[in-house]
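Bear in mind that the values here come from a model prediction, so they are computed numbers and not experimental data. So that the names make sense, note that chain A is the first sequence line, chain B the second, and so on, each numbered from 1.
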Amino acid sequence: MGKYWRMFREFFRACLVEELEYRSEFLGNLISSFFGIGIAILTMNIFFYQTDRLGGWSYADVLVLLGVFNTLKGLIDFALRPNMPRLLEHVRRGTLDYILTKPVDSMFYVSFRHLVFWRLIDVALGLGLVVYGLAEKRYFPSFVDIVVFFITMAAALVLIYSLWMMLMTTSFWVIRIDDLSFIFDSFFETARFPIGMYRGWVRVVLTYVLPAAVITNMPALSLLGKWNISTALIVGCLAVVFLWLARRFWRFALRSYTSASS
Amino acid sequence: MIEVKHLHKSFRVHVRKAGWLDAVRHLWKREYRVVEAVKDVSFTIEKGEIVGFLGPNGAGKTTTMKMLAGLLHPTSGEIKVGEYVPFEQRAEFKKMMSLVMGQKSQLIWDIPPMETFLVNKAIYDIDDRAFRRTLDELVELLELEPLLTKPTRSLSLGQRMRCELAAALLHRPAILFLDEPTIGLDVHTQEKVRRFIADYNREHQTTILLTSHYMGDVTALCDRIMIINYGQLIYDGELAVLTEKLAPYKRLEVQFAEVPNVRWEDYGEVAEIEDGNVVLRVMREKVAEVSAHFLQHFRVHDINIQDPPMEEVITRAFQEEVPHGS
């Protein structure tokens with residue numbers, strides 16, 4: 001474990017050096033991050049001109065949800081998104097061979113080798129929005145709220161990671177990766193809103209099949225003190241199951257790679 | 001160090017004909033054909049040996065090497081590298097070997113090679129002192145000092161190759177697989193890379209298996225060669241023996257003041273005649289006699305006796321030892 005932590009730090013450092021090669025990008029990204037979150041808040045405001053509840057959530061609740069969404073999005077863009085097109089490159093150009101000869105877990109390597117550190121701005125902005133939402137509501141979360149928040153947040157991250165990883169693994173067979181990112185994006189966009197907004201089968205799908213809504217709704221609800229322990233446990237278990245599935249799928253893909261490619 | 005017994009590898013490839021009709025039919029009905037890339041290959045390599053692995057494109061060199069490195073599962077047969085079975089992909093195994101592919105890079109493109117070295121240091125869990133010591137040695141041997149801080153993308157192909165070698169050797173592997181390490185390099189850089197490989201092998205007793213298209217690599221580095229063609233090992237032994245066996249002649253190049261009117265076939269096989277320059281393939285036991293005869297009877301400016309070039313020998317090996325067809 002210690003070794004993997006050291007490796008992660010080294011990846012981070014190397015990527016920092018890599019990013020700083022192109023310094024001018026920094027400012028552009030800072031601006032786009034602020035712009036992105038600004039537009040999201042504005043959109044919510046427009047909704048709330050018409051109503052004071054959205055799927056059973058008040059304005060301040062939705063701000064917290066948006067904050068959670070932004071934080072998770074930042075983390076995805078920080079660690080996951082930069083690695084996805086690279087796996088495809090590795091497969092196509094055969095440099096995956098180098099990764100497979102390294103004494104590290106290959107799934108760890110392909111998931112975290114490239115980090116785009118300035119995306120952490122989104123994480124900071126998201127957390128800021130969470131705090132702002134709570135202040136607006138004048139709700140001070142209890143210690144237990146925060147613990148449950150961290151648990152569900154971790155579960156959410158594991159869930160996203162697993163779904164993302166499974167999608168990424170298909171690049172062993174699928175050649176056009178842009179389409180894959182697009183699939184994930186449109187799926188993840190649904191997590192921006194309270195689950196109560198969705199009706200019928202869409203809601204069922206988003207809760208159980210592709211648990212997008214659960215991913216953001218659970219942590220937000222926890223922080224607002226509206227958690228219940230059994231749902232938290234279910235989300236935790238779901239995360240473990242998905243991680244297991246992703247891992248199995250990766251192993252399966254590797255097996256077919258190492259027994260077939262030339 | 002490396003032990004291979006009755007190694008087989010076959011691939012299933014689907015057969016496709018040209019044309020859109022077939023492309024459509026291909027959607028639901030695929031025809032497969034089994035290609036045997038490696039057939040019943042057995043050999044042993046001792047610690048510290050440098051072995052050259054030769055063969056034309058598609059002969060099975062890279063496939064065999066990939067199986068040795070644990071990247072491909074053999075269809076059948078046994079491989080042991082050190083105490084390990086490569087395709088089990090144990091971390092201990094990976095730490096004792098390294099792979100360098102001339103056509104594929106592991107360096108990070110946008111930043112200096114030093115950063116790749118540091119990433120590898122973390123991956124192989126090398127402690128600071130060992131890392132420093134190894135790096136210093138490699139920097140000196142490969143003359144990397146001025147390259148360490150330049151972005152990889154601005155390095156020349158030769159400079160990059162030297163950095164690739166360093167990146168691959170930082171963890172002091174006991175076995176090194178080199179797949180076309182000098183491909184695309186100019187003669188001078190090829191020479192540099194060869195000298196480094198030879199020195200490194202002598203210094204550290206690293207076992208090296210090398211594939212190459214350049215005969216120069218092989219003649220300069222390897223005492224022993226293995227030739228593979230159509231997936232079969234057709235020769236395994238000393239380079240000198242192969243030359244003697246397959247090329248029992250020498251290349252005799254004579255520069256005459258004026259070309260005498262004789263029947264060259266009486267002396268040997270004519271390779272080329274141009275102006276006053278005559279190149280003959282003369283059987284080894286007759287070389288001394290023939291050259292003495294020329295010197296005695298004709299006015300000769302220059303005379304030169306050489307072993308036949310490696311390319312010629314290898315080409316003959318492919319032609320003569322291989323059963324017809326595939």
Side-chain angles (χ1 to χ4, degrees), chain A residues 1-23 25 82-83 85-86 89-110 112-117 173 250-262, chain B residues 9-13 35 37-38 58 60 62-63 65-75 86-87 89-101 103-112 114-125 151-153 164 167-168 171 173 177 179:
Chain A
M1 212 51 212
K3 183 191 162 191
Y4 280 89
W5 173 240
R6 271 202 302 285
M7 227 178 326
F8 185 76
R9 267 190 349 218
E10 185 52 45
F11 290 167
F12 190 88
R13 200 197 54 78
C15 292
L16 198 63
V17 176
E18 211 173 341
E19 292 292 336
L20 291 178
E21 273 288 305
Y22 304 99
R23 243 175 328 189
E25 274 190 19
N83 288 289
R86 284 195 168 89
E89 276 295 292
H90 284 314
V91 172
R92 217 175 43 192
R93 295 219 309 243
T95 39
L96 188 70
D97 290 348
Y98 280 125
I99 298 171
L100 296 179
T101 58
K102 298 260 187 290
V104 287
D105 187 82
S106 51
M107 185 165 148
F108 171 83
Y109 188 98
V110 301
F112 300 114
R113 172 61 192 83
H114 294 277
L115 307 166
V116 179
F117 75 102
W173 301 279
W250 173 252
R251 289 260 173 83
F252 169 75
L254 269 192
R255 226 178 4 256
S256 71
Y257 175 81
T258 56
S259 62
S261 72
S262 63
Chain B
K9 176 75 192 175
S10 47
F11 295 114
R12 227 165 58 118
V13 291
V35 176
V38 175
T62 307
T63 307
M65 197 176 248
K66 280 187 171 183
M67 284 192 276
L68 290 174
L71 293 169
L72 288 178
H73 281 249
T75 308
F87 67 81
Q89 303 208 335
R90 303 269 285 275
E92 295 86 356
F93 165 69
K94 292 177 179 177
K95 280 191 182 186
M96 68 174 284
M97 63 95 163
S98 212
L99 171 70
V100 177
M101 295 177 277
Q103 280 158 313
K104 299 170 190 174
S105 171
Q106 68 160 321
L107 299 170
I108 309 170
W109 189 244
D110 279 328
I111 52 181
M114 189 60 199
E115 304 298 334
T116 307
F117 298 165
L118 287 169
V119 169
N120 275 6
K121 171 181 183 291
I123 286 174
Y124 286 100
D125 218 0
T152 303
R153 67 180 129 82
E164 294 283 349
H171 62 288
F177 297 111
D179 193 11

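When heavy atoms are compared at a cutoff of 4.5 Å, A/Lys3 approaches chain B solely by way of its side chain, counted from C-beta outward. At a 4.5 Å heavy-atom cutoff, the contact between A/Tyr109 and chain B is made by side-chain atoms alone. Neither the backbone nor the side chain of A/Arg9 comes within contact range of chain B; no heavy atoms are under 4.5 Å apart. With a 4.5 Å cut-off on non-hydrogen atoms, B/Met67 does not touch chain A at all. Interface remark: B/Ser105 contributes backbone atoms only to the contact with chain A (heavy atom separation under 4.5 Å).
Distance CD/A/Glu18 to CD1/B/Ile108: 6.0 Å, rounded to 0.5 Å. In this structure, NZ in B/Lys66 is found 4.0 Å from CG in A/Asp97, a value given to the nearest 0.5 Å. With rounding to the nearest 0.5 angstrom, the OH atom of A/Tyr4 is 9.5 Å from the CD1 atom of B/Ile123.
Contact between A/Tyr98 and B/Met101 at its shortest, heavy atoms only, is OH-N, 2.9 Å. Here the closest non-hydrogen pair linking B/Lys94 and A/Val104 is NZ-O, 4.3 Å. The two residues A/Pro103 and B/Ala91 make their nearest non-hydrogen contact at CB-O, 3.7 Å.
Around the CZ atom of B/Arg153, the shell of radius 6.0 Å holds more than 12 heavy atoms that belong to other residues, nucleotides or ligands. Atom CZ of A/Arg13 sits in a crowded spot, with more than 12 heavy atoms from other residues, nucleotides or ligands closer than 6.0 Å.
When the candidates B/Leu99, B/Thr75, B/Asp125 are compared by the number of heavy-atom contacts under 4.5 Å with chain A, B/Asp125 comes out ahead. Between chain A and the options B/Thr62, B/Thr116, B/Asn120, B/Asp110, heavy-atom pairs under 4.5 Å are most frequent for B/Asp110. Note: A/Met7 leads A/Arg93, A/Met7, A/Arg6 in heavy-atom pairs under 4.5 Å with chain B. Of the residues considered (A/Ile99, A/Thr101, A/Leu96), A/Thr101 shows the highest number of contacts with chain B, using heavy-atom pairs under 4.5 Å.
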